[in-house]
2 protein chains.
Amino acid sequence: MENQDTTKARLIEAAGREFAEKGYDQARIRSICDRAGANLAAVNYHFGDKERLYREVLLEAYRGGGPEVTPTLGDVPPAEKLRGFIRFFFHHIVALKEEHAWQTRMMAREISDPSAALDEVVQGWIRPRFEMLKSIMREIRPEADDRRLNALCFSVVGQCLMYRLTGAVTKRLIGPESKGLLDDDYLADHVATFTLAALGLGPPAGRDEATNS
Amino acid sequence: MENQDTTKARLIEAAGREFAEKGYDQARIRSICDRAGANLAAVNYHFGDKERLYREVLLEAYRGGGPEVTPTLGDVPPAEKLRGFIRFFFHHIVALKEEHAWQTRMMAREISDPSAALDEVVQGWIRPRFEMLKSIMREIRPEADDRRLNALCFSVVGQCLMYRLTGAVTKRLIGPESKGLLDDDYLADHVATFTLAALGLGPPAGRDEATNS
DNA sequence: GGTCGATTCAAACGAGTGTTTCATCGATTC
DNA sequence: GAATCGATGAAACACTCGTTTGAATCGACC
C-alpha cells in the first residue's frame, strides 16, 4: 500500500544503486536525491541521516525485493553439489556486472568494504550461504574437524572472491587480453576442478589442455 | 647526504605510516604533519600536493629502504618451492601486523584498495613476485598454456589473499575464537597442502586430522 | 473555503580538509 | 653586519558535503 512510486521508495532505489556503485563513503546524498528526482532535504526528512538511510537500504537489499541469490542443489553427489555451488558463486557474486541488481552488488561490496552494518549482513546474508558450502564440505569430509572445514571452505571462497576483490590488479598484472580470456565459465570450471582435485575427488588440475587453444 | 632527519625525510616516513594505516583517501595531511612534527604547509612546500606526496612515498616504499620482501627458494623440487612461496606469501603479505614495515603494508593496501599509482606498483613490485610464482607453476605444469597457468597461480594467490581482504567478514562469520585458531602457520600449511593435492603432488587435503584437536 | 498536518523546496549553515598566503626565521654569502 | 634565499609557521581561504531551517505547497477533512 506504500511501495508505489513514493519519494521514499524512489530514494531507497536510488540510494541502493548509488551505494552499490560507490560504497557508503563515496556515495553522495546530493547524487542520490538527483537520481530519485527528490529534493536534497528529502533524505533527512524521510530517514533522518545518511547512516539510517544506508541501514534501511541494506535491509531492503537482503530481506526485501532483491532477486533470489541462493543456489539450489538437488540430490546429487557432494562433488556435484560443490561444483554447482562454485558455478553459482561465480555467476551471482563474483561476476557482478553493472546490470546486476544493486541488492546483490551491495552485499558483495560489504565483503570487500564493510560498513558499520556488517554484522547484520554477515548474519542475515553471508552466513546462510557459507553454511550451505560448509555442509557440502562436511558431506565430503565427515571426519574433518571444524577448523579444517573452515579452512577448506575458505580455500574455495578465496579462489572465487580473488577475481572480485583484485580485479584492478589482475587486469594490469596479466594484461586486459589475458584477463578477458578468463571468463566466468572458464574460471568456475577451473576452480571446481582445482578444488575437487585437492579433495581427491577428481583428476589433478591443469593437465587437460586439449580442449582450448 | 640528505637522508638525515630532515623535514622532508620525516614527512615521507610519517606519510608512509599514515597511508599504510588509513589509505590515500582517509589519510590526513594534518595528521601526517603532526606525526612528522612539521608545519601544515610543509607537505605543499616539499611535495606540491597530497598526490605527489603519495607517489614519492610509494616510490620510497618499493624502491627504497623497505625490507627485502622476496622469497629465496633454493634448488629444491618444484613442490617444495611452491610450499616455500606460499609460506613466504602468508608471513610477509597476508599476515601483516601493525608492527610490520609500512612499506610492505602500503603494497598490500594497493592490492585491495588501489590508488591512481597502481600501475607503477603492479609493474615494479607485484609482477616480479607473480612471475616467480608463475615460473614455479611452469615447472610443475610445463604443458599448461598461459591461460591455465594464470588461473593456477590465481588459485594459489586467492586462497592466501582471502584472509587479508576479508578479515572483518571471516571474523564475524566463524567467530573470533575460530578465527584465532586459523593462525598463519596453520593456514600456510593448509593452503600448501590443498594446492599440492590439487596439482597431484600430494595427498588429498583435509584427511590428516590426527595432529590437532 | 479555511485549517492543519505532511511533504517538498531553495537556501544556507557548519564542520572537515586540501591548499595558499605572507610574514618570519636562520644560515650562508659578500 | 647587511642582503639573500631556502625553510618554517600561523592563519586564512576555497571547496565539498552532510545537515538544518523556515517558507511554500499539497491534500484531506470539517
Side-chain angles (χ1 to χ4, degrees), chain A residues 1-60 102 106 109-110 113-118, chain B residues 1-60 102 106 109-110 113-118:
Chain A
M1 188 167 295
E2 218 214 56
N3 47 357
Q4 315 147 23
D5 204 38
T6 68
T7 298
K8 189 169 179 178
R10 290 204 316 279
L11 278 175
I12 287 186
E13 187 71 18
R17 273 195 275 269
E18 177 90 359
F19 285 134
E21 282 176 21
K22 309 184 183 171
Y24 181 82
D25 281 337
Q26 290 305 309
R28 297 288 169 250
I29 289 190
R30 282 169 173 80
S31 170
I32 291 172
C33 291
D34 280 352
R35 291 186 190 221
N39 185 271
L40 175 60
V43 164
N44 257 266
Y45 178 78
H46 286 285
F47 301 94
D49 57 17
K50 189 182 180 183
E51 185 169 339
R52 267 174 289 185
L53 168 63
Y54 186 81
R55 298 193 100 95
E56 288 240 25
V57 171
L58 209 54
L59 229 73
E60 179 71 18
W102 59 261
M106 266 191 83
R109 182 172 279 278
E110 278 286 331
D113 181 23
S115 76
L118 178 60
Chain B
M1 185 166 300
E2 217 215 56
N3 47 357
Q4 316 148 22
D5 205 37
T6 68
T7 298
K8 189 169 179 179
R10 290 202 318 278
L11 277 175
I12 288 186
E13 187 70 18
R17 273 195 275 268
E18 177 90 359
F19 284 135
E21 282 176 22
K22 309 184 182 170
Y24 181 83
D25 281 337
Q26 290 306 307
R28 296 288 169 249
I29 289 189
R30 280 169 174 78
S31 170
I32 291 171
C33 291
D34 280 353
R35 292 185 191 221
N39 186 271
L40 175 58
V43 163
N44 256 264
Y45 178 77
H46 287 284
F47 301 95
D49 58 17
K50 188 181 181 183
E51 185 169 340
R52 266 174 289 184
L53 168 62
Y54 185 81
R55 298 192 101 96
E56 289 239 26
V57 171
L58 210 54
L59 229 72
E60 179 72 17
W102 58 260
M106 267 191 81
R109 182 173 279 279
E110 277 287 330
D113 181 22
S115 76
L118 179 59

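Numbered from 1 within each chain, the chains take letters A, B, ... in sequence-line order.
Backbone-only contact: A:Arg28 has heavy atoms under 4.0 Å from sugar-phosphate atoms and none from a base.
Side-chain contact between B:Met106 and B:Leu58 is present, with heavy atoms from C-beta onward closer than 4.5 Å.
At the phosphate of C:dT8, OP1 or OP2 sits under 4.0 Å from a side-chain N or O atom of A:His46. For B:Thr7, a side-chain nitrogen or oxygen approaches OP1 or OP2 of D:dT8 to under 4.0 Å.
For the pair A:Phe47 CZ and C:dT7 P, the computed distance is 12 Å after rounding to whole Å. Straight-line distance from the CD1 atom of A:Ile29 to the P atom of D:dT16: 16 Å, rounded to whole Å. Between the CG atom of B:Asn44 and the P atom of C:dT17 there is a distance of 16 Å, given to the nearest Å. In this structure, A:Gln26 atom CD and D:dT16 atom P are separated by 14 Å, rounded to whole Å. Atom CG of A:Leu40 and atom P of D:dA23 are 19 Å apart (whole Å). For the pair B:Lys8 NZ and D:dG6 C1', the computed distance is 13 Å after rounding to whole Å. In this entry the distance linking CD1 of A:Ile32 with P of D:dG18 reads 8 Å, nearest Å. Per the geometry, CG belonging to A:Leu11 stands 13 Å off P belonging to C:dT7, to the nearest Å.
With respect to the salt-bridge test (charged N to carboxylate O, under 4.0 angstrom), the residues A:Glu21 and A:Arg17 do not qualify. Salt bridge status for B:Glu56 with B:Arg52: absent, with no side-chain N to carboxylate O gap under 4.0 Å.
Nearest to the side-chain atoms of B:Asp49 among the listed nucleotides C:dT19, C:dC9, D:dT19 stands C:dT19. Out of C:dA10, D:dA12, D:dT8, the shortest distance to the side chain of A:Asn39 is found at C:dA10. Here the nucleotide nearest the side chain of A:Arg30, chosen from D:dG18, C:dG18, C:dA6, is D:dG18. The side chain of B:Tyr45 approaches D:dA7 more closely than any other nucleotide in the set D:dA7, D:dT19, C:dA6.
The backbone N or O of A:Ala36 lies less than 3.5 Å from no partner atom in the side chain of A:Glu13, so there is not a single donor-acceptor pair.
In terms of position along DNA chain D, the nucleotide closest to B:Ala42 lies nearer the 5' end than the nucleotide closest to the other residue of the pair B:Ala42 and A:Lys50. Summary of the strand contacts: B:Val43 and A:Ala41 both lie near DNA chain C, and taking for each the nucleotide with the nearest heavy atom, the more 5' one is attributed to A:Ala41.
Residue pairs meeting the ring pair (Phe, Tyr, Trp, His ring centres under 6.0 Å) criterion with at least one partner in residues 34-54 of chain A, sequence neighbours excluded, are A:Phe19-A:Tyr54, A:Tyr24-A:Tyr54.
Under the Watson-Crick or G-U wobble criterion, with both distances below 3.5 Å, C:dC30 is paired with D:dG1.
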